Amino acid sequence: MRYLRKQPANFQIIDRVFTDRVWDGSGTTLAVDQSVGIPQTPNGTTILGWMNQATANNNGALMLTSGGSQPAPCNAPALAAQPSILVCNWHADNLNITNVSANAATPIWVGLFGPGMPGQSSKPLPTNGTPLVLATSQSGIAATLPQYMRLKMSATSASLCVFAIVGGPADGSGNNGFVIAVNAAQNTGPDTGVTPPPGYYATTVDNSFTFQFNWAGQQLYVVNMSPVTASGAQVTLNCL
């Protein structure tokens with residue numbers, strides 16, 4: 001959680017101006033002092049993305065509150081090339097997100113994705129290699145087969161496209177989420193020798209990325225969590 005930081009915060013404004021108290025996690029933009037909230041998150045991995053949309057060099061910040069825990073600040077860097085990511089299990093608690101940026105001209109896009117998110121529904125993802133088109137915030141879901149499989153995630157334009165996957169065994173932190181960006185600024189992650197940005201599994205300058213796995217029949221969830229509505233995508237899933 002390298003984006004979480006300790007700093008003085010204007011706690012009086014947290015959770016006061018809700019644009020949506022029953023937010024379904026779909027991408028939305030918060031003006032300064034605005035909040036969204038989810039009454040109950042899933043008891044499993046979810047993936048939070050946020051991106052500073054200020055056109056000036058204004059660093060921004062979000063404040064997260066969940067249950068009775070202390071508010072957690074998150075940086076929203078100015079002029080970022082891709083979303084910041086936090087992979088987390090909120091353990092079925094509520095979650096509120098507030099834009100607490102210092103400069104009023106600092107809107108921040110936020111989105112929260114994962115299987116079981118209230119209000120979200122997923123398309124069936126074929127396991128025979130038939131492409132599934134995903135607009136921004138759309139997701140696909142499949143019961144994997146008990147053998148090695150391949151998920152190919154592709155952008156349908158030259159724009160940055162960010163995919164999130166949830167499924168398979170949990171890691172040491174108890175999460176099982178993977179975030180991949182295609183049409184990104186650099187190659188990072190497995191087999192590159194370059195550490196990916198915090199929260200990401202990999203990034204690539206190519207317009208597609210292939211993810212291989214054997215999850216012994218467990219469920220696979222994949223979502224296009226790109227912050228731009230024009231970031232069209234498609235995914236294909238097949239056996240190896």
Side-chain angles (χ1 to χ4, degrees), residues 1-43 45-114 117-120 136-137 160 162 164 173 175 177 179 181 185 196-200 223 225-229 231:
M1 295 189 183
R2 287 171 54 190
Y3 285 107
L4 303 184
R5 61 179 182 175
K6 293 182 179 180
Q7 66 170 24
N10 187 1
F11 293 136
Q12 304 95 280
I13 66 171
I14 295 176
D15 306 341
R16 282 183 55 185
V17 185
F18 276 88
T19 62
D20 193 344
R21 289 184 178 274
V22 287
W23 183 46
D24 69 356
S26 298
T28 189
T29 299
L30 297 178
V32 172
D33 296 351
Q34 287 185 337
S35 303
V36 288
I38 300 172
Q40 185 174 41
T41 58
N43 188 20
T45 295
T46 57
I47 297 171
L48 175 66
W50 67 96
M51 190 168 183
N52 187 335
Q53 295 188 318
T55 56
N57 191 23
N58 296 333
N59 286 319
L62 296 175
M63 195 70 72
L64 312 183
T65 59
S66 181
S69 61
Q70 181 177 347
C74 299
N75 291 321
L79 309 177
Q82 63 193 46
S84 303
I85 297 293
L86 177 62
V87 179
C88 188
N89 182 353
W90 304 99
H91 300 288
D93 252 328
N94 71 312
L95 175 65
N96 296 329
I97 303 170
T98 304
N99 182 345
V100 294
S101 303
N103 189 300
T106 315
I108 299 177
W109 174 91
V110 295
L112 182 69
F113 302 96
M117 278 293 297
Q120 290 187 16
T136 295
S137 295
L160 173 80
V162 181
S173 68
N175 288 299
V179 180
Y200 283 84
V223 61
M225 60 172 293
S226 306
V228 180
T229 56
S231 296

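Please read these numbers as outputs of a predicted model, since none were measured by experiment.
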Note, [X] side chain near [Y] side chain (heavy atom, < 4.5 Å):
X	Y	answer
P197	Q82	yes
P83	L160	yes
I97	I108	no
F18	V36	no

Least distance between heavy atoms, [X] atom then [Y] atom:
X	Y	result
W109	M225	CH2-O, 3.3 Å
P71	P73	O-CD, 3.7 Å
I47	G177	CD1-CA, 4.2 Å
S137	G27	OG-N, 3.4 Å
M117	P42	SD-CD, 3.7 Å
A61	A76	N-CB, 4.0 Å

(request) Say whether, by atom type as modelled, one donor and one acceptor occur between the side chain of N59 and the main chain of A78 under 3.5 angstrom. (result)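 Checked: pair present.
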(request) For the pair N94 (side chain) and G67 (backbone), establish whether a donor and an acceptor sit closer than 3.5 Å, ignoring hydrogens and angles. (result)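 Confirmed, N94 side chain pairs with G67 backbone.
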The criterion is side chain to side chain contact (heavy atoms under 4.5 Å, CB included); which residues satisfy it with [X], sequence neighbours excluded?
X	value
A31	Q34
T41	I38, W90, L95
N175	T45, V87, N89, D171, S173
D93	S66

(message) Given N99, which partner from the list D33, N52, L30, T29 fulfils the side chain to side chain contact (heavy atoms under 4.5 Å, CB included) test?
(response)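 Among the candidates, only L30 passes.
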Can you tell me how far the [atom1] atom of [X] sits from the [atom2] atom of [Y], to the nearest 0.5 Å?
X	Y	atom1	atom2	value
M51	L79	CE	CG	9.5 Å
S101	L62	OG	CG	6.5 Å
L64	C74	CG	SG	4.0 Å

(message) Side chains of S35 and T98: any donor to acceptor distance under 3.5 Å?
(response)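 Yes - a donor-acceptor pair under 3.5 Å links their side chains.
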(request) Report the C-alpha separation of I85 and W50 in whole Å, then their side-chain angles, then the decisive distance to 0.1 Å, and conclude whether the side-chain contact (heavy atoms from CB on, under 4.5 Å) test is met. (result) CA-CA 7 Å; I85 297 293; W50 67 96; 5.7 Å; no
